[in-house]
Trainee: 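I'd like to ask some things about the structure below.
Each chain gets a letter, A, B and so on, in the order its sequence line appears, and its residues count up from 1. Predicted model only: the values in this text are computed from it and were never measured.
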Protein chains: 2
Amino acid sequence: MKLTSKGRYAVMALVDLARFDNINPVSLRDISLRQGISLDYLEQIFSKLKKNQIVKSIRGTQGGYILSKKPNEIKLTNIFHAVDEKVKTVQCKKDSKKGCNGKATKCITHNLWDELENHINSFFEKKSLEDLLKSNKEHRY
Amino acid sequence: MKLTSKGRYAVMALVDLARFDNINPVSLRDISLRQGISLDYLEQIFSKLKKNQIVKSIRGTQGGYILSKKPNEIKLTNIFHAVDEKVKTVQCKKDSKKGCNGKATKCITHNLWDELENHINSFFEKKSLEDLLKSNKEHRY
DNA sequence: TCTATACTTGACCATTTTAGTCAGGTATGT
DNA sequence: ACATACCTGACTAAAATGGTCAAGTATAGA
């Protein structure tokens, strides 16, 4: 199981943004340069972040993005959800009443994967953008 | 982030195996039928499990596989490691002294992903095959 | 000894996902 | 008007996934 770069980039970009948006909006170009992420790719990501009300955009010269909420109100869950980075441990259809793998019942490890999903998601629900900012104040990058 | 079916199948198959290997070896054909997993695919998986000393094979008629160790000595970590289901949250090369994304330093979220990896791995290190057997004794599948 | 069963190995492949790029646009501050 | 920066959608190369297929080898039982 691996984290996709879309999810990673989204978090990296938002941490970067959060550190600089106190006064002025931050342009994707700046984030792109500082974080080494392709500008075109960032635009895709921010389009989703905007749709999910995590950031607001300001167009025109001196434009850019700002956070829609306070850093402590933005959890990793929200970010990942916005960019479709979801935790999936089972292939089974949720809608059908049927079990996994075409069987009539749930597969013998179904509960295990549910536990795992909860375990991972609880991590994402606890961590906010503010937490990440704090743990970054010590070392400069 | 999602679990691959190779990892899921490995665990499903081993739980199935553990429930039936008290007296005789269990054939992949039986596991295939009970769990609805392709026989050819199971063979690939068990080849890896064998290389990692998680199961032993017995050839010929009435042959099959048996566990190499007691169920409480086989952790999910061991199983996942055997079938190359690894938890990867960063793309960065571990060998180089360089940072992530071509930068000179670690990316600003590097510590976060390390934390996440540890969080997930600790789940896998706690769970043994025996735990899964127990939680399955209640309901029959 | 013959044969069915079951493990063993390695090559192959279609589909999906990933990680972007590219090519246009539109809005706005100066 | 023009440079900056957001906005949108189409496109794509490469890798990973989730298998299948073919051709074995070993062994128990008739």
Trainee: For the residue pair B:E85 / B:T4, report whether a side-chain donor-acceptor contact shorter than 3.5 Å exists.
Mentor: yes

Trainee: In plain terms, say whether A:D84 and A:K6 are close enough for a salt bridge, that is, a side-chain N and a carboxylate O under 4.0 Å apart.
Mentor: no

Trainee: Please name the pair of heavy atoms, one in A:I54 and one in A:N78, separated by the smallest distance, quoted to 0.1 Å.
Mentor: CD1-O, 3.5 Å

Trainee: For nucleotides 25-30 of chain C, give me one character per nucleotide, 5' to 3': B if any protein heavy atom sits under 4.0 Å from the base, S if the only such contacts are to the sugar-phosphate, - if neither.
Mentor: BBBBB-

Trainee: Nearest-Å distance, CG (B:L17) to C1' (C:dA6)?
Mentor: 14 Å

Trainee: Tell me the interatomic distance from B:F46, atom CZ, to C:dT9, atom P, rounded to whole angstroms.
Mentor: 15 Å

Trainee: Quick one: B:I45 CD1 to C:dC7 C1', roughly how many Å, whole number?
Mentor: 15 Å

Trainee: NA contact type, B:V26, heavy-atom cut-off 4.0 Å: base, sugar-phosphate, or nothing?
Mentor: sugar-phosphate

Trainee: Rounded to the nearest angstrom, tell me the gap between atom CE in A:M1 and atom C1' in C:dT17.
Mentor: 16 Å

Trainee: Distance check: side-chain N/O of B:K50 vs OP1/OP2 of C:dT8, anything under 4.0 Å?
Mentor: yes

Trainee: Just checking, is any N or O donor in the side chain of B:K50 or B:S57 under 3.5 Å from an acceptor N or O on the other one?
Mentor: yes

Trainee: When the distance from CG of B:L42 to P of D:dT20 is rounded to whole Å, what number comes out?
Mentor: 10 Å

Trainee: Take the angle between the ring planes of A:W113 and B:F80 and call it parallel below 30°, perpendicular above 60°, tilted in between.
Mentor: parallel

Trainee: Output the rounded distance in Å from NZ (B:K48) to C1' (C:dT8).
Mentor: 14 Å

Trainee: Within the pair A:S57 and D:dA5, is there a side-chain N or O less than 4.0 Å away from OP1 or OP2?
Mentor: no

Trainee: If the test is side-chain contact (heavy atoms from CB on, under 4.5 Å), which one of A:I31, A:L49, A:L28 qualifies with A:Y65?
Mentor: A:L28

Trainee: Quickly work out the B:N24 CG to C:dA6 P distance and round it to whole Å.
Mentor: 12 Å

Trainee: Listing time: all N or O pairs from protein to nucleotides 19-24 of chain C that are below 3.5 Å?
Mentor:
| residue | atom | partner | partner atom | Å |
| --- | --- | --- | --- | --- |
| C:dA19 | OP2 | A:S5 | N | 3.0 |
| C:dA19 | OP2 | A:S5 | OG | 3.3 |
| C:dA19 | O5' | A:S5 | OG | 3.3 |
| C:dG20 | OP2 | A:Y9 | OH | 3.0 |
| C:dG20 | N7 | A:Q44 | NE2 | 3.4 |
| C:dT21 | OP2 | A:S38 | OG | 2.4 |
| C:dT21 | O4 | A:Q44 | NE2 | 2.7 |

Trainee: Does a side-chain N-to-carboxylate-O contact under 4.0 Å join A:K127 and B:E115?
Mentor: yes

Trainee: Within the 4.0 Å heavy-atom criterion, would you say A:Y65 contacts the bases, only the backbone, or no part of the nucleic acid?
Mentor: sugar-phosphate

Trainee: Want to settle it: does B:R29 or B:K51 sit nearer the 5' end of DNA chain C, counting the closest nucleotide to each?
Mentor: B:R29

Trainee: Would you name the heavy atoms of B:R29 and B:L39 that are closest together and state the gap between them?
Mentor: N-CD1, 3.9 Å

Trainee: Using 30° and 60° as the class limits, which term best fits the ring planes of B:H119 and A:F123: parallel, tilted or perpendicular?
Mentor: tilted

Trainee: I need the NZ-C1' distance between A:K88 and D:dG18, as an integer number of Å.
Mentor: 14 Å

